[in-house]
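Below is one structure, written out as structure tokens; the observations come after it.
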2 protein chains.
Amino acid sequence: MSVLREIKQSAEEEVQRHLDIIRRQILKGVTRPYNEVIDLSSGDNHAAGIKPITFVRQVLAGCLYPDVLLGDTLPVDAQLRVKRLLEQCAGGSVGSYTDSSGMAHVQRNVANFISRRDGGLPADPNHVFIASGSQRAIMAILKLLPQGEGTSQTGIMVPTPCPHTLPHLLKAAGLVTVPYQLTEEMDWKVDLLQLHKVIQASRGHCSPRALFISNPGNPTGHIQSRRSIEQIICFAAEHKLLLLVDEKYQESVFGEGSEFVSYKKVLAEIGPPYSLTVELASFHSLSNGIMGECGLRAGYVELVNFDHTVLPFVETLLCRDISTPVLGQIALDIMVGPPLPGDPSYNLYTQEVESRRATLECNMDKAVDCLNTLPGFRCHPVKAGLFIYPHLTLPNAVLTQAQHLGVEAGLLYCGSLLEEEGLCVGVCECVCESSRQGSCWHIRMCVLMPSDVLEDVLCRLRSFHIRFLRGY
Amino acid sequence: MSVLREIKQSAEEEVQRHLDIIRRQILKGVTRPYNEVIDLSSGDNHAAGIKPITFVRQVLAGCLYPDVLLGDTLPVDAQLRVKRLLEQCAGGSVGSYTDSSGMAHVQRNVANFISRRDGGLPADPNHVFIASGSQRAIMAILKLLPQGEGTSQTGIMVPTPCPHTLPHLLKAAGLVTVPYQLTEEMDWKVDLLQLHKVIQASRGHCSPRALFISNPGNPTGHIQSRRSIEQIICFAAEHKLLLLVDEKYQESVFGEGSEFVSYKKVLAEIGPPYSLTVELASFHSLSNGIMGECGLRAGYVELVNFDHTVLPFVETLLCRDISTPVLGQIALDIMVGPPLPGDPSYNLYTQEVESRRATLECNMDKAVDCLNTLPGFRCHPVKAGLFIYPHLTLPNAVLTQAQHLGVEAGLLYCGSLLEEEGLCVGVCECVCESSRQGSCWHIRMCVLMPSDVLEDVLCRLRSFHIRFLRGY
């Protein structure tokens, strides 16, 4: 194929591709020791058996087929919501395009949600942009940065570890990654001294213009202290960095004393001049929100302190994506504006959401406890998000065998786990100082699933792990 | 905003932005001479009042809320379709991610559809990739082309006129556009001699590796002859060009003797060596198909003669988009596999589809006739697609006024039409030889809407046009 170029796949992508192949084989009737593979590498909770929230599905179905469903089939508040949303769709149909930055109605409701979340701090709907998932929103904002050339090429400071989907976005946007290390031993804390060193060192080969961070930590599941957020903001101000904050797990915080505080709120509390100058983009999504509707594809970004002359360009960049799926936007509307006390659907909605939270928290504890009993695994308690992110040390014999096969040791482990037990996990090499190259890894594993499914997953993982180690 | 760069907006994007502003003003209660703006620049037929196809909405609603809807609410074939589709969703929920290349089940059905369309010619589901609209599919394929540098930078031959969404995709992919002109006077024919000249001339500044073409013409609405398709294929073979064929309007062909023939079919009929070597990517979408579900976002590409080692990279590139909205994929499944004779929903489905086609054809005739009565407009009969694409010559006084205001004459016309009558049309400068720079334009106008809406649109356009010209 002479005209086409080769594209190198990352370790993550290799595992995903393997997963696709196995799934298709199973559909074709190829026999495996398991009936289906479970993809724990992404937060695909419906796939793992978590049930959708009834009110969301009622409203979506009603919007699609209002003629019939606006009879007695749906509760009154779902019917009202359908009517209100369809009034906002051109031609009264969810089959129409929306404005490139999203439905104005949904933007307004997102702004209200943000304002309530931040204790009444104002949020401007015109600074909220809806996209087909937070990834697309991140991409649009990255595209606003100039690329530059040579030593003035734009650099972006990125934590290690970072969301597994981020590196390819940065590459596609043509930006230079300037990695800074989170300290696992100190609950994934940002080391401010290191940050200063890293940005200094980067100036030789690029021009750093932005800093990315996850709050709460993704995939680490840690919660940044308010003091740490303040430090990052001051650092960004000092170096004139745009702050890109992944706040996707803001609704998934648990454990006693744990609380989500947004960067925007801390920024406002610091006061001028920071609160008026530091540019901030905060991302959230439907897939990672409490309803976990990954298949619908929607997310948003709120921009703070962006020059008003820049905003139309955000719209233009999102417009190039045509428009966000309308049903995703509608689900987002419910995520930011659930039924209120007294509404007919309030009790069921609240009960379903609380049950999900309880399952998630209970599963976290179980999974952390289980992994800590397995030789080679070390797993910190997790306070937010959907993932556990244990540290895995593999014996030298595994390293030798992997080199022999021409693959990385972490891939050998995860590939075998997928092949033998039908469990797909994320994998990332650890760069901790104490480890020899290639023997330390982190495993990323979503635990939002029904309790019995998690029991099964842990059982398969335990049995595989012991068998795998025994082989070396 | 020091860290961000300026992005120039195209004339099209300027008009779209103006449209967004006016729409938001109307929502806020600002009074205008009209209650709502009609966007004729895109094929957003639901927005213009075309009703959705009942079976599509029944199945989608059923997939979202199966517990209740799989009672008596839906016809039996819709219920069966829901069950079959949910079996293909991980965890039985449309809230799950799908494989990056789409649901295997939908890929299979698309392949069957293509095979039926092409008279039994085989189509391989593994060569069909589902994306969030044909635009995203085009982008993924463009990304397969190497960018190159200097004179070896990859060039792509692109017709003038081309789909209005294409130029920004090419730009984002970092490719050099090598334009070739379609001959309006000869029913938008491709001039083969010109094609040879253009590619020759391009070799000085880029390396042409692909040729884009719309079949049927987009936005021109013409049908290429089989002979012309053969010539293009031979030209591509001679110059080792990848053929990118937009076949979005394959289902919207009308008028006596008009017939859609796919590039793939003609390629197969030419026989070896061409049929075994010429690389071809054919695109289709839900938005432009007969059901016009723009808001759901789905499309596909079929790849022919691509090396099997390249296919995984297509998957990787699409994977970077995460996954196509599941409800869009489901609607695509219905588009390629509608109810069959004897199914309970067959009659209604067929009747709804036929009624849309009849409306479209009738509107085309009406619109062409109307515009041809207006001074300055010249409109060829249209045989396919959703748009008319008349030629508009503006008087010199308009040109002078536009220069005075620092805008283009075509924009002055379309901006005033939008402002005064609430009609948004697409606009493109014409490069016909006989025209003086800036006085000749093409207007792009979708006519798929209820007949009475079209009457109103034509009335507003006529009245505006006469008033506008009178001002000069």
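Just so we're on the same page: letters track the sequence lines, and every chain starts at 1. Computed from a prediction, not measured in an experiment: that's the story for all the values here. Hydrogens, waters and symmetry mates play no part in the numbers below; they use all other heavy atoms, side chains included.
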B:T277, part contacting chain A, at a heavy-atom distance under 4.5 Å:
neither
Specify which of B:A298, B:A104, B:S287, B:G95 makes the most heavy-atom pairs with chain A at under 4.5 Å.
B:G95
Verify whether one side chain among A:R57 and B:S93 offers a donor that lies under 3.5 Å from an acceptor in the other.
yes
Let me know if A:C63 has heavy atoms under 4.5 Å from chain B in its side chain, its backbone, both or neither.
backbone
Using only atom types and a distance under 3.5 Å, with no angle test, would you say the side chain of A:R297 pairs donor to acceptor with the backbone of B:P325?
no
Could you pull out the closest heavy-atom pair between B:A47 and A:A90, with the gap in Å?
CB-CB, 3.5 Å
Among B:Q329, B:Q107, B:M139, single out the residue with the greatest number of heavy-atom pairs under 4.5 Å to chain A.
B:Q107
Counterpart residues, salt bridge (Lys or Arg N to Asp or Glu O under 4.0 Å), relative to A:R23 (two or more places apart):
B:D99
A side-chain contact here means heavy atoms from C-beta on lying under 4.5 Å apart; do B:L296 and A:L327 qualify?
yes
Under 4.5 Å from any heavy atom of chain B, what part of A:L74 do you find: side chain, backbone, both or neither?
side chain
Partners passing side chain to side chain donor-acceptor pair (under 3.5 Å) against A:S134 (at least two apart in sequence or in another chain)
none
A:T54 vs B:Y65 side-chain heavy atoms within contact, under 4.5 Å:
yes
Determine the option with the most heavy-atom pairs under 4.5 angstrom with chain A, choosing from B:K51, B:H46, B:Q88.
B:H46
Which portion of A:S207 sits near chain B, non-hydrogen atoms under 4.5 angstrom
neither
